[in-house]
*Asks:* 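Okay, here's the structure, questions in a sec.
It should be emphasised that the depicted structure is a prediction, and the values quoted were computed from it without experimental measurement. Note that these values count all heavy atoms, side chains included, but never hydrogens, waters or copies made by symmetry.
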Amino acid sequence: MIYIYLAIFLVLCGIIVGQEHNLEKGKNRDSVSPIDNEIYSNLYTYAHLIDISYCISSTSQIGEPFECELSCEKRFPNVTLVYQWYFDDSVCGYIATTNSNIFDYENASNSSKKTIIVSLRGTRSIFDTFTDLKTDLTDYANVNSKLPACGDQCKVHQGFYDYFLRTLAIIQRVLLHELIDTPEEYELLIVGHSMGGAIGLFISLHFLDLGFDKMTLVTMGQPLVGNKQFVDWVDDVMGSRFKAKHNSFDRKYLRIIHKGDIVTVIPSNRNNDDNYIQFENQIYLNCSASNPVPSLEKVVDCQTASNQACIAKDFKTHDSINRNYFESHNTYFRKLGLCGMRIRPNDIEIKENFY
Ligand SMILES: *[C@@H]1O[C@H](CO)[C@@H](O)[C@H](O)[C@H]1NC(C)=O
Ligand SMILES: *[C@@H]1O[C@H](CO)[C@@H](O)[C@H](O)[C@H]1NC(C)=O
Ligand SMILES: *[C@@H]1O[C@H](CO)[C@@H](O)[C@H](O)[C@H]1NC(C)=O
Ligand SMILES: *[C@@H]1O[C@H](CO)[C@@H](O)[C@H](O)[C@H]1NC(C)=O
């Protein structure tokens, strides 16, 4: 436990130094805009789909057609599990499909749209994993089939990229099978928490590059993944500049950040040349972790990475070191990650080995 706090402290020192550097650039547009009513409501559905991925562990799985402790069959009656995978040392998750609307709208359209859900869970020990993973930046080149090339300056987190390649090897065939077999109307919905979000981003970029552009990527508590060239390219091809709208694919990416969630600002920057950069794409939950159900006005679109009303302000001083990071990191529209734990959320053990 002491080591964990020490690790967090060191990470924070790096962040504070890094932010002072960024502030010198002086770009400081601090206005936020409200999010769309329907998007707000959708976020609860996305969080539920993410949470279900934690039902997959070395000892438990999602049942068929779609059954789990978290009311899978009740809340998502027409969803069918296609595939689930678990490996101790890898990101795991599930693929499921439905021809029904996954949102609870009375006036949901009844077209023959097929939704393909890919949900990725993080590791239960994110800080251990971060210590083990290589945070070096490695060259990134997209297939460049439908998207413009990211360019030869693009670099990404080597550890996450390796996880992505392993995950892709596991799910590519299944996912392509579902996509090729798909009607004109489809949506590829990729969701992920924590490191699952980082891997989800790479998976999204891969399939977008292959031409599957009716896509929505929603990450919650996702760490940083790449340098400026990479992040700018992602913000561009995923449409971060557009306002998020239900049933529109202009904005394909929602990066949801909880106030005080330290995972969303690491790895921290160590030098000026090859820094990990924050995305412009930020939907910020402006409330404490003790409130798992933020109201509409607490969920804001930050529009710029440097926005001082959002995550950029959260770790500016050493005072912030006393916050409860684990809780912030695991509270996104619900308490995430408790499926299969058989421990009540308030038990102290959870705070120690569960982040
Ligand atoms: C599930 O599918 C059945 C049969 O197609 C349909 O009647 C029902 O309304 C669907 N339920 C939901 C929640 O979409
Ligand atoms: C559903 O109804 C609400 C409220 O009447 C409206 O704002 C929304 O645009 C409708 N959504 C769709 C998908 O038609
Ligand atoms: C469902 O489909 C029917 C037949 O195409 C149409 O008349 C009806 O308006 C649709 N309902 C909604 C809510 O889109
Ligand atoms: C966040 O909430 C506080 C009050 O709790 C408010 O003063 C502040 O303006 C809000 N920030 C944003 C970005 O909405």
*Asks:* Would you call the rings of Tyr276 and His157 parallel, tilted or perpendicular, taking 30° and 60° as the class edges?
*Replies:* tilted
*Asks:* Side chain to side chain contact (heavy atoms under 4.5 Å, CB included), that's the test. Do Tyr332 and Asp261 meet it? Break it down for me.
*Replies:* CA-CA 10 Å; Tyr332 282 89; Asp261 181 354; 2.7 Å; yes
*Asks:* Take Cys310 and Cys302 through the disulfide bond (SG atoms under 2.5 Å apart) test and state the conclusion after the steps.
*Replies:* CA-CA 7 Å; Cys310 298; Cys302 299; 2.1 Å; yes
*Asks:* Can the ring centres of Phe202 and Phe160 be said to be less than 6.0 Å apart?
*Replies:* no
*Asks:* Among His258, Met220, His48, find the one that has a side chain to side chain contact (heavy atoms under 4.5 Å, CB included) with Phe333.
*Replies:* Met220
*Asks:* Could you tell me whether the side chain of Trp85 and the main chain of Val91 form a donor-acceptor pair under 3.5 Å?
*Replies:* yes
*Asks:* Just say parallel, tilted or perpendicular for the rings of Phe76 and Phe66, cut-offs at 30° and 60°.
*Replies:* perpendicular
*Asks:* Test ring pair (Phe, Tyr, Trp, His ring centres under 6.0 Å) on Tyr140 and Trp233 and set out the steps.
*Replies:* CA-CA 11 Å; Tyr140 176 87; Trp233 178 75; 5.8 Å; yes
*Asks:* Can you tell if the side chain of Tyr253 reaches within under 4.5 Å of the side chain of Leu201, non-hydrogen atoms only?
*Replies:* yes
*Asks:* Just verifying a value: how many Å separate Leu175 CG and Ile203 CD1, rounded to the nearest 0.5 Å?
*Replies:* 8.0 Å
*Asks:* For Phe249, enumerate each residue passing the ring pair (Phe, Tyr, Trp, His ring centres under 6.0 Å) test, keeping only those at least two apart in sequence or located in another chain.
*Replies:* none
*Asks:* Side chains of His246 and Asn42 only: does a donor on one sit below 3.5 Å from an acceptor on the other?
*Replies:* yes
*Asks:* Among Glu178, Glu185, Glu187, exactly one meets salt bridge (charged side-chain N to carboxylate O under 4.0 Å, His left out) together with Lys114. Which residue is that?
*Replies:* Glu178
*Asks:* Step through the shown structure and confirm whether more than 12 heavy atoms of other residues, nucleotides or ligands are within 6.0 Å of CZ on Arg241.
*Replies:* yes
*Asks:* Is there a donor-acceptor contact under 3.5 Å from the side chain of Gln222 to the main chain of Met195?
*Replies:* no
*Asks:* Could you point out which residue of Ile257, Asp314, Leu224 forms a side chain to side chain contact (heavy atoms under 4.5 Å, CB included) with Thr264?
*Replies:* Ile257
*Asks:* Within the structure provided, determine whether Phe230 and Leu205 are in side-chain contact (heavy-atom separation under 4.5 Å).
*Replies:* yes
*Asks:* May I ask you to say whether Asp209 pairs ionically with Lys146, meaning some side-chain N is under 4.0 Å from a carboxylate O?
*Replies:* no
*Asks:* Of all the heavy-atom pairs spanning Phe315 and Ile311, show the shortest one and how long it is.
*Replies:* CE1-CD1, 4.1 Å
*Asks:* Check whether any side-chain heavy atom of Ile35 sits under 4.5 Å from a side-chain heavy atom of Leu296, and report yes or no.
*Replies:* yes
*Asks:* Can you give me the closest heavy-atom contact between Gly221 and His329, atom names plus distance?
*Replies:* O-CE1, 3.1 Å
*Asks:* Check whether any side-chain heavy atom of Ser58 sits under 4.5 Å from a side-chain heavy atom of Tyr86, and report yes or no.
*Replies:* yes
*Asks:* Assess the side chains of Ser53 and His193: does a donor N or O sit below 3.5 Å from an acceptor N or O?
*Replies:* no
*Asks:* Hey, does the side chain of Arg121 reach the backbone of Ile56 with a donor-acceptor pair shorter than 3.5 angstrom?
*Replies:* yes
*Asks:* Provide the closest heavy-atom pair for Asn307 versus Ala312 in the form atom of the first, atom of the second, distance.
*Replies:* O-CB, 3.6 Å
*Asks:* List the atom of Cys287, the atom of Lys259, and the distance in Å for their closest heavy-atom pair.
*Replies:* O-CB, 3.8 Å
*Asks:* Are the side chains of Thr138 and Val156 in contact, using a 4.5 Å heavy-atom criterion?
*Replies:* yes
*Asks:* Checking Thr45 against Arg75: is there a side-chain donor and acceptor pair closer than 3.5 Å?
*Replies:* yes
*Asks:* If you round to the nearest 0.5 Å, how far is CD of Glu73 from CG of Leu81?
*Replies:* 12.5 Å
*Asks:* Give a yes or no answer on whether the side chain of Asn330 reaches the backbone of Lys335 with a donor-acceptor pair at less than 3.5 Å.
*Replies:* no
*Asks:* Are the charged groups of Glu184 and Lys113 less than 4.0 angstrom apart, N to O?
*Replies:* no
*Asks:* Decide yes or no on salt bridge (Lys or Arg N to Asp or Glu O under 4.0 Å) for Lys228 and Asp232, but give the supporting numbers first.
*Replies:* CA-CA 6 Å; Lys228 177 157 177 33; Asp232 286 351; 2.6 Å; yes
*Asks:* Does the Asn78 side chain pair with the main chain of Ser100, one donor and one acceptor, at a distance under 3.5 Å?
*Replies:* no
*Asks:* What heavy-atom pair brings Val263 and Ser194 nearest, and what distance separates the two atoms?
*Replies:* CG1-OG, 4.3 Å
*Asks:* So do Tyr46 and Phe103 actually touch side chain to side chain, heavy atoms under 4.5 Å?
*Replies:* yes
*Asks:* Just checking, any donor-acceptor pair under 3.5 angstrom between side chains of Gln229 and Asn227?
*Replies:* yes
*Asks:* For the cysteine pair Cys339/Cys55, does the gap between the two SG atoms stay under 2.5 Å?
*Replies:* yes
